[in-house]
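Written out below as structure tokens is the structure these notes cover.
Chain letters run A, B, ... following the sequence lines, proteins first, then strands; residues in each count from 1. As the structure is a computational prediction, the values presented were derived from the model and not from experiment.
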There are 2 protein chains.
Amino acid sequence: MSQRTQELTDAEWAIIQMVWEHEPVPAPTVQELLEEQRGWSYSTVKTLMDRMVKKGLLTTERIRNLMLYTSAITRQEAQSKEILKTLKRAFEGALTPMMQFLLESDHITHSELDELEALIRAKKSK
Amino acid sequence: MSQRTQELTDAEWAIIQMVWEHEPVPAPTVQELLEEQRGWSYSTVKTLMDRMVKKGLLTTERIRNLMLYTSAITRQEAQSKEILKTLKRAFEGALTPMMQFLLESDHITHSELDELEALIRAKKSK
DNA sequence: TGACATTCTTTACAAGTGTAAAGTAGTCTT
DNA sequence: AAGACTACTTTACACTTGTAAAGAATGTCA
């Protein structure tokens with residue numbers, strides 16, 4: 001059980017985000033947190049979370065009758081995996097074209113550009 | 001049929017990459033091109049491609065007995081969709097953290113950094 | 001014209017995903 | 001102790017995805 005290098009599905013992303021922010025957290029709380037955003041019923045959330053435990057994405061600890069869920073992978077790990085997937089699939093592994101694409105997409109503000117410039121400069125001087 | 005704003009699966013990415021590079025292209029050719037990489041049989045490739053037609057990702061044109069496939073979305077559209085998905089899922093829509101993550105992650109070379117810097121500067125002056 | 005070869009079509013099937021209803025069990029309140 | 005809450009468990013079901021075998025149709029060469 002639980003070979004990690006799993007990919008997260010969309011539903012799993014929604015859930016694990018909440019877990020990262022609130023862990024250790026019981027399923028009902030996660031359901032409430034996602035109510036608005038997704039409109040999932042308790043059953044749905046609980047089912048998803050239990051599947052995630054089986055996959056090794058979350059772990060549980062039982063306190064009396066309450067199950068508390070905790071993430072089993074870090075946000076960084078998950079982000080990294082996700083980005084690499086996109087990089088491989090859509091850009092055939094080439095990082096610069098992907099960055100370029102991001103820059104060119106119109107969703108970037110002037111101040112974000114400044115920030116990035118600073119980041120690059122910092123990176124270069126290292 | 002064929003509302004577009006579909007996401008591509010992994011198999012679909014593999015196929016459409018070949019289509020972009022060789023279109024208009026018949027299924028057997030795509031199968032040969034992917035033989036090495038994926039080891040898919042003709043049936044598999046053909047099934048996938050026909051599903052993609054149904055989804056509006058590819059179109060076909062029949063010449064006598066040969067079906068030629070052509071992409072119905074551009075590489076840019078697909079890349080954009082893919083990146084936005086990652087951005088939304090994994091970075092809650094925040095572009096700078098994602099770029100930062102990319103910068104900090106792997107082996108960006110010095111010259112790539114230069115390139116990016118230039119891109120940013122160009123973008124800013126626009 | 002019959003035998004190959006090539007390509008297309010039909011059908012299938014298991015695993016994974018999104019979604020949840022219904023039933024059960026334990027806890028709290030009066 | 002009965003009823004009401006709350007949380008957990010079981011079961012289900014349709015749709016998508018990866019994978020392909022088997023059969024049908026068409027074209028080609030001897």
Side-chain angles (χ1 to χ4, degrees), chain A residues 1-19 22 24-69 82 85 88-89, chain B residues 1-19 22 24-69 82 85 88-89:
Chain A
M1 286 60 307
S2 77
Q3 243 57 263
R4 185 56 347 47
T5 304
Q6 206 97 110
E7 318 229 312
L8 302 203
T9 68
D10 205 60
E12 288 169 347
W13 267 108
I15 285 175
I16 206 168
Q17 297 273 12
M18 292 305 163
V19 174
H22 300 273
V25 65
T29 303
V30 173
Q31 191 269 318
E32 282 157 29
L33 289 166
L34 290 171
E35 182 78 75
E36 190 79 351
Q37 207 178 115
R38 301 283 179 139
W40 285 329
S41 73
Y42 169 76
S43 280
T44 299
V45 172
K46 178 72 168 154
T47 302
L48 288 170
M49 293 180 81
D50 288 340
R51 285 184 190 160
M52 290 171 80
V53 170
K54 207 169 267 167
K55 289 192 189 180
L57 297 170
L58 302 179
T59 55
T60 50
E61 174 198 8
R62 180 176 216 121
I63 295 196
R64 320 264 350 152
N65 285 298
L66 197 60
M67 294 277 247
L68 293 180
Y69 292 78
E82 188 75 23
K85 185 179 64 184
K88 223 160 256 168
R89 280 186 172 176
Chain B
M1 289 57 323
S2 77
Q3 243 57 265
R4 185 53 347 48
T5 305
Q6 207 96 107
E7 320 228 310
L8 303 204
T9 68
D10 205 60
E12 288 168 349
W13 268 107
I15 284 174
I16 207 167
Q17 296 274 12
M18 292 306 163
V19 175
H22 301 272
V25 64
T29 303
V30 174
Q31 192 268 319
E32 283 157 29
L33 289 166
L34 290 171
E35 182 78 75
E36 190 78 352
Q37 208 178 114
R38 302 283 180 139
W40 285 329
S41 72
Y42 169 76
S43 280
T44 299
V45 172
K46 177 72 167 154
T47 302
L48 288 170
M49 293 180 81
D50 289 340
R51 283 185 191 160
M52 290 171 79
V53 171
K54 206 169 268 167
K55 289 191 190 180
L57 296 170
L58 302 179
T59 55
T60 49
E61 175 197 8
R62 176 176 219 123
I63 295 195
R64 320 258 5 148
N65 285 298
L66 197 60
M67 293 276 248
L68 293 180
Y69 292 78
E82 187 75 23
K85 184 179 65 184
K88 225 160 253 166
R89 280 188 171 173

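Judged by atom type and distance alone, A/T47 reaches the base of C/dA20 through a side-chain donor-acceptor pair under 3.5 Å. In terms of polar N and O atoms assigned as donor or acceptor, the side chain of A/S43 comes within less than 3.5 Å of the base of C/dA21 in a complementary pairing.
B/R51 comes within contact range of at least one nucleobase, with a heavy-atom separation under 4.0 Å. At the heavy-atom level, A/L66 lies under 4.0 Å from the strands shown only through sugar-phosphate atoms. Across all strands, A/T44 comes closer than 4.0 Å to base atoms (heavy-atom distances).
The side chain of A/T9 approaches C/dG18 more closely than any other nucleotide in the set D/dA20, C/dA20, C/dG18. In this structure, the nucleotide among D/dT19, D/dT17, D/dC8 sitting nearest to the side chain of B/K55 is D/dT17. Here the side chain of A/A27 is nearest to one of D/dT10, D/dC8, C/dT10, namely D/dC8. Here the side chain of B/M67 is nearest to one of D/dT19, C/dC8, D/dC8, namely C/dC8. Closest contact between the side chain of B/K46 and the listed nucleotides C/dC8, C/dG18, D/dA7 involves C/dC8. The nucleotide whose nearest atom lies closest to any side-chain atom of B/Y42 is, among D/dT9, D/dG18, C/dT7, C/dT7.
Using a 4.5 Å heavy-atom cutoff, the side chains of A/E12 and A/E7 are not in contact.
Residue B/E32 contributes atom CD, which lies 8 Å from atom P of C/dT7 at whole-angstrom precision. In this entry the distance linking CG of B/L68 with C1' of C/dC8 reads 13 Å, nearest Å. At whole-Å resolution of the value, CD in B/E7 and P in D/dT17 are 9 Å apart. Residue B/E12 contributes atom CD, which lies 11 Å from atom C1' of D/dG18 at whole-angstrom precision. Rounded to whole angstrom, the span from the NZ atom of B/K54 across to the P atom of D/dT16 amounts to 11 Å. For the pair A/M49 CE and D/dC8 P, the interatomic distance rounds to 9 Å; values are reported in whole Å. Spacing between atom CD1 of A/I63 and atom P of D/dA7 amounts to 14 Å, rounded to whole angstrom units. Between the CG atom of A/D50 and the P atom of D/dC8 there is a distance of 9 Å, rounded to whole Å.
A sub-4.0 Å separation between OP1 or OP2 of C/dG18 and a side-chain N or O of A/W40 is absent.
Between B/R62 and A/R64, it is B/R62 whose nearest contact on DNA chain C lies nearer the 5' terminus.
Atom-to-atom distance recorded for A/Q31:CD and A/M18:CE is 11.5 Å, nearest 0.5 angstrom. Distance CG/B/N65 to CD1/B/I63: 11.0 Å, rounded to 0.5 Å.
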Q: Tell me, with the steps shown, if A/T59 and A/V53 meet side-chain contact (heavy atoms from CB on, under 4.5 Å).
A: CA-CA 5 Å; A/T59 55; A/V53 170; over 6 Å; no
**Q.** Step-by-step side-chain hydrogen bond (donor to acceptor under 3.5 Å, both in side chains) determination, B/T47 to B/T44
**A.** CA-CA 5 Å; B/T47 302; B/T44 299; over 6 Å; no
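Shown are A/T60, A/D50, A/T29; of these, the side chain to side chain donor-acceptor pair (under 3.5 Å) with A/Y69 is made only by A/D50.
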